[in-house]
Undergrad: 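One structure coming up, written as structure tokens, with questions to follow.
Throughout, protein chains are lettered first and strands after them, A, B, ... in sequence-line order, and every chain is numbered starting at 1.
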Number of protein chains: 2
Amino acid sequence: MATLADVARHAGVAASTVSYVLSGKRPVSDETRERVARSIELLGYQPHAGARALASAKSNVLALVVPLGRDLYVPVMMDIAIAVTTMARRFGYDVLLLTNDEGPAGIQRVATSARADAVILTDVGMEDERIAMVRETGIDAVLIGVPADSDGLNCVDLDFARAGALCVEHLAGLGHREVAFIGEAQGIYQRHIGFAERTLGGIRDAAAQAAMNLVHRPCGASYEAAAGVLARILEERPRTTGLIVQNEAVIPSLLSLLRTAGRIVPEDVSIVAVCPDQVAQQTSPQLSSVNLPAAELGTRAVELLMRRMADGADGEVVLIPPTLTVRGSTGPAAAASRG
Amino acid sequence: MATLADVARHAGVAASTVSYVLSGKRPVSDETRERVARSIELLGYQPHAGARALASAKSNVLALVVPLGRDLYVPVMMDIAIAVTTMARRFGYDVLLLTNDEGPAGIQRVATSARADAVILTDVGMEDERIAMVRETGIDAVLIGVPADSDGLNCVDLDFARAGALCVEHLAGLGHREVAFIGEAQGIYQRHIGFAERTLGGIRDAAAQAAMNLVHRPCGASYEAAAGVLARILEERPRTTGLIVQNEAVIPSLLSLLRTAGRIVPEDVSIVAVCPDQVAQQTSPQLSSVNLPAAELGTRAVELLMRRMADGADGEVVLIPPTLTVRGSTGPAAAASRG
DNA sequence: TTGAAAGCGCTAACAG
DNA sequence: CTGTTAGCGCTTTCAA
């Protein structure tokens with residue numbers, strides 16, 4: 001590969017001049033710049049990433065830490081990863097993929113080896129052990145999710161509490177008084193993952209406010225799990241007319257089960273989900289839902305990170321306001337009572 | 001951060017000695033090694049990745065190129081990414097995530113900037129334009145998928161032709177003579193993605209062999225698409241008793257539709273899928289299926305890559321033999337005919 | 001078995 | 001506006 005020195009020689013200028021036309025960090029005459037540009041083009045020159053990282057003390061890489069398990073909704077993770085990568089490129093950054101089995105040590109490794117300039121954490125728990133490592137190493141970081149103590153941290157997330165409340169308010173407005181919340185798998189709550197706890201909190205508060213009877217049922221991804229949970233709900237609380245669902249994996253099973261049970265949606269039972277719009281639009285009937293804007297989370301995380309690296313300001317929590325779209329899966333509770 | 005020089009000073013040895021205890025590339029006395037190790041530990045020393053890359057001309061990074069779209073089954077991609085990352089770490093490599101919107105240019109960029117030592121390509125088409133770039137830059141590469149001309153290339157894939165054949169043979173063995181293949185979205189075939197074409201080929205050949213009547217119907221991911229495709233199959237070929245499905249996203253919809261239509265699985269219609277075991281086990285009834293071993297693909301790709309980087313040998317195509325697991329979704333065709 | 005020293009390719013003062 | 005030069009932290013000859 002051609003080096004910067006090759007380019008300098010070819011263009012008849014000093015190495016620093018080439019460096020400066022590349023970085024724009026000091027003025028270069030149009031003529032010189034053009035000549036250098038031509039040489040770069042001609043020689044197919046690309047700066048050596050390692051050399052640059054060494055000399056500038058900046059790797060232009062950011063690390064994205066993703067969970068391994070399958071208990072988090074995978075397409076959301078993937079969308080976040082793609083969005084982060086795409087947006088990072090716009091700022092000249094590459095993205096290093098870190099799995100969570102390295103744990104906090106992975107963060108330490110990339111931080112102290114200068115492999116990455118910053119990290120983006122996903123799957124953030126209320127008490128997340130990785131945060132201590134972020135603080136210790138002092139590496140720039142953005143969390144997708146909000147821990148219990150977000151002091152001084154940069155966080156981006158959907159306002160899940162509000163999202164939950166929106167679901168409740170929507171159902172309450174339609175006259176539903178007996179509602180079940182089919183949530184994420186038990187493991188998610190046990191790990192105190194922020195979004196799950198916050199959604200639950202938002203739902204509970206809003207339900208209390210609306211004098212609505214609410215039960216929360218965690219639910220695994222399998223058809224059997226869904227069947228079990230639904231059966232139990234219908235048995236223990238036969239007057240249930242509203243379902244809030246936050247486990248995207250379970251949606252198809254749920255719809256199928258209701259159909260089999262002869263419960264028509266939304267005449268007999270209304271469903272409102274917290275999931276990506278794309279998922280809500282793929283079912284029949286399409287689901288009334290609060291959108292989970294996965295790509296936006298990734299995009300905003302990178303934007304926030306770049307802003308912070310530039311201004312070095314203190315932590316900031318960006319909560320994206322949720323929006324509920326009414327589709328075909330919710331209707332007045334009156335209809336159900338009439339039956 | 002502590003540098004190698006700091007460690008050397010602290011241990012009272014030359015910098016080179018520290019380097020050599022780290023790399024093991026030349027013998028170091030036990031005593032010296034211990035002393036250096038202690039200093040490393042004490043100072044929390046981590047080699048600077050950029051400096052190392054510069055001096056050694058090796059980045060210890062490999063790039064993973066993933067598609068952006070949602071037309072490929074996302075959980076499979078994610079499993080591959082996780083497996084690649086996990087296995088790469090075992091060899092001391094980090095993984096850079098590249099999205100396909102940079103196209104071949106992305107490969108060129110990481111290759112010529114020495115950001116990565118090798119690339120792993122996914123979503124490989126029969127005529128994949130990225131291959132030319134791999135050849136041009138001479139970067140080490142492994143493809144997950146097999147292009148039409150795999151000459152000199154390292155490829156890892158499930159033997160999809162055989163996988164398709166297995167499905168046909170299973171159904172044929174049960175007496176099914178009228179079978180429909182519900183495949184990937186049209187776009188996948190238009191892009192000539194290898195695995196889709198090979199599965200189709202394997203199915204067609206085996207069907208001809210078995211004197212089976214076969215239709216191929218590409219199918220999008222939405223419920224409506226599934227409904228349309230299924231309705232058309234049942235209308236045009238009412239005697240259809242067997243379904244082969246290769247679009248995992250459509251499976252829940254399909255099962256739901258059949259249930260609604262009063263067609264019992266497997267009494268009225270048998271279904272065999274090509275999908276991850278986990279998906280097949282999550283439905284009711286569980287699906288007879290050929291496993292799509294996503295994680296294994298990733299693992300094997302890294303292993304093959306490491307072997308190649310070590311021995312520099314020529315291209316090799318690793319085809320993983322498929323296995324079919326009989327579950328509850330397939331039964332004798334006789335039952336259907338009786339109806 | 002170890003040390004000294006010359007780069008790897010680039011950036012960023014410092015000079016002019 | 002441009003050139004000179006001193007590193008960045010590591011690997012790897014070359015010497016001992």
Side-chain angles (χ1 to χ4, degrees), chain A residues 1-40 43-61 92 94 109-117, chain B residues 1-40 43-61 92 94 109-117:
Chain A
M1 295 296 100
T3 70
L4 185 145
D6 295 335
V7 174
R9 203 172 311 121
H10 181 114
V13 300
S16 55
T17 300
V18 177
S19 178
Y20 285 121
V21 333
L22 248 29
S23 69
K25 287 191 182 175
R26 93 179 179 189
V28 175
S29 76
D30 285 9
E31 199 228 304
T32 308
R33 194 194 1 269
E34 290 241 330
R35 200 141 36 84
V36 170
R38 235 186 302 286
S39 299
I40 287 176
L43 302 183
Y45 169 70
Q46 278 276 5
H48 187 289
R52 193 169 249 193
L54 178 56
S56 67
K58 270 209 60 188
S59 64
N60 276 281
V61 167
D94 271 305
R109 190 173 59 77
V110 300
T112 61
S113 69
R115 237 210 212 307
D117 300 326
Chain B
M1 296 294 100
T3 70
L4 185 146
D6 295 334
V7 174
R9 204 171 310 122
H10 181 110
V13 299
S16 54
T17 299
V18 177
S19 178
Y20 284 121
V21 331
L22 248 29
S23 68
K25 287 191 181 174
R26 96 178 177 190
V28 175
S29 75
D30 285 9
E31 198 230 303
T32 309
R33 196 196 357 270
E34 290 241 329
R35 199 143 36 83
V36 170
R38 234 186 303 284
S39 300
I40 287 176
L43 303 182
Y45 169 70
Q46 277 277 3
H48 187 289
R52 194 168 246 194
L54 178 57
S56 68
K58 269 209 62 187
S59 63
N60 277 282
V61 167
D94 271 305
R109 190 171 61 77
V110 298
T112 61
S113 69
R115 234 207 216 307
D117 299 327

Undergrad: For the pair T17(B) (side chain) and V13(B) (backbone), establish whether a donor and an acceptor sit closer than 3.5 Å, ignoring hydrogens and angles.
TA: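 Not confirmed, T17(B) side chain does not pair with V13(B) backbone.
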Undergrad: Round to a whole Å and report the spacing from NE2 of H48(A) to C1' of dC10(D).
TA: 12 Å
Undergrad: Give the first and the last nucleotide of DNA chain C, reading 5' to 3', that has any atom under 4.0 Å from a heavy atom of chain A.
TA: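 For DNA chain C, the relevant span reads dG9(C) to dC14(C).
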Undergrad: Is it true that a side-chain atom of D94(B) and a backbone atom of V61(B) form a donor plus acceptor pair closer than 3.5 Å?
TA: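 No: the side chain of D94(B) does not pair with the backbone of V61(B).
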Undergrad: Shorter than 3.5 Å, N or O on both sides, protein versus nucleotides 12-16 of chain D: list them out with atom names.
TA:
unit_1  : atom_1 : unit_2 : atom_2 : d
dT12(D) : OP2    : K25(B) : NZ     : 3.2

Undergrad: Any side-chain heavy atom of L4(B) sitting closer than 4.5 Å to one from P47(B)?
TA: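 No. Closest side-chain heavy atoms not under 4.5 Å.
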Undergrad: Do any pairs count as a salt bridge (Lys or Arg N to Asp or Glu O under 4.0 Å) and have a residue in residues 8-18 of chain A, sequence neighbours left out, and if so which ones?
TA: D6(A)-R9(A)
Undergrad: Looking only at heavy atoms, which two atoms of A53(A) and S59(A) are closest? And how far apart?
TA: CB-CA, 4.0 Å
Undergrad: At a heavy-atom distance below 4.0 Å, what parts of residues 4-13 of chain A sit against DNA chain D?
TA: G12(A), V13(A)
Undergrad: For R26(A) and Y20(A), indicate whether the former's side chain and the latter's backbone hold a donor-acceptor pair under 3.5 Å.
TA: no
Undergrad: Would you check if L43(A) and H10(A) make a side-chain contact, meaning some heavy-atom pair closer than 4.5 Å?
TA: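 L43(A) vs H10(A): side chains touch.
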Undergrad: Side-chain contact test, heavy atoms from C-beta onward, threshold under 4.5 Å: evaluate it for R109(B) versus Q46(A) and give yes or no.
TA: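 Answer yes - side chains close enough.
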Undergrad: Reckon P27(A) touches a base, only the sugar-phosphate, or nothing at all at heavy-atom distances under 4.0 Å?
TA: base
Undergrad: Assign V28(B) to base, sugar-phosphate, or nothing according to its heavy-atom contacts below 4.0 angstrom with the strands shown.
TA: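 Sugar-phosphate, backbone atoms only, no base.
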Undergrad: Mind checking what makes salt bridge (Lys or Arg N to Asp or Glu O under 4.0 Å) contact with R52(A), not counting sequence neighbours?
TA: none
Undergrad: Is there a residue in residues 30-39 of chain A whose heavy atoms reach under 4.0 Å of DNA chain C, and which residues are they?
TA: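 Nucleic-acid contacts, sorted: none.
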Undergrad: Would S16(B) and S19(B) count as a side-chain hydrogen bond (donor to acceptor under 3.5 Å, both in side chains) here? Give the steps.
TA: CA-CA 5 Å; S16(B) 54; S19(B) 178; over 6 Å; no
Undergrad: What closest approach, in Å, do L54(A) and G50(B) show between heavy atoms, and which atom pair accounts for it?
TA: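 Between these two residues, the closest heavy atoms are CB-C, 4.5 Å.
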Undergrad: Which atom names give the shortest non-hydrogen contact between L22(A) and Y45(A), and what distance separates them?
TA: CD2-CE2, 3.7 Å
Undergrad: Side chain of S39(A), backbone of R35(A): donor and acceptor closer than 3.5 Å?
TA: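 At least one qualifying donor-acceptor pair exists.
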Undergrad: Rounded to the Å, how far apart are L54(A) CG and dC10(D) P?
TA: 9 Å
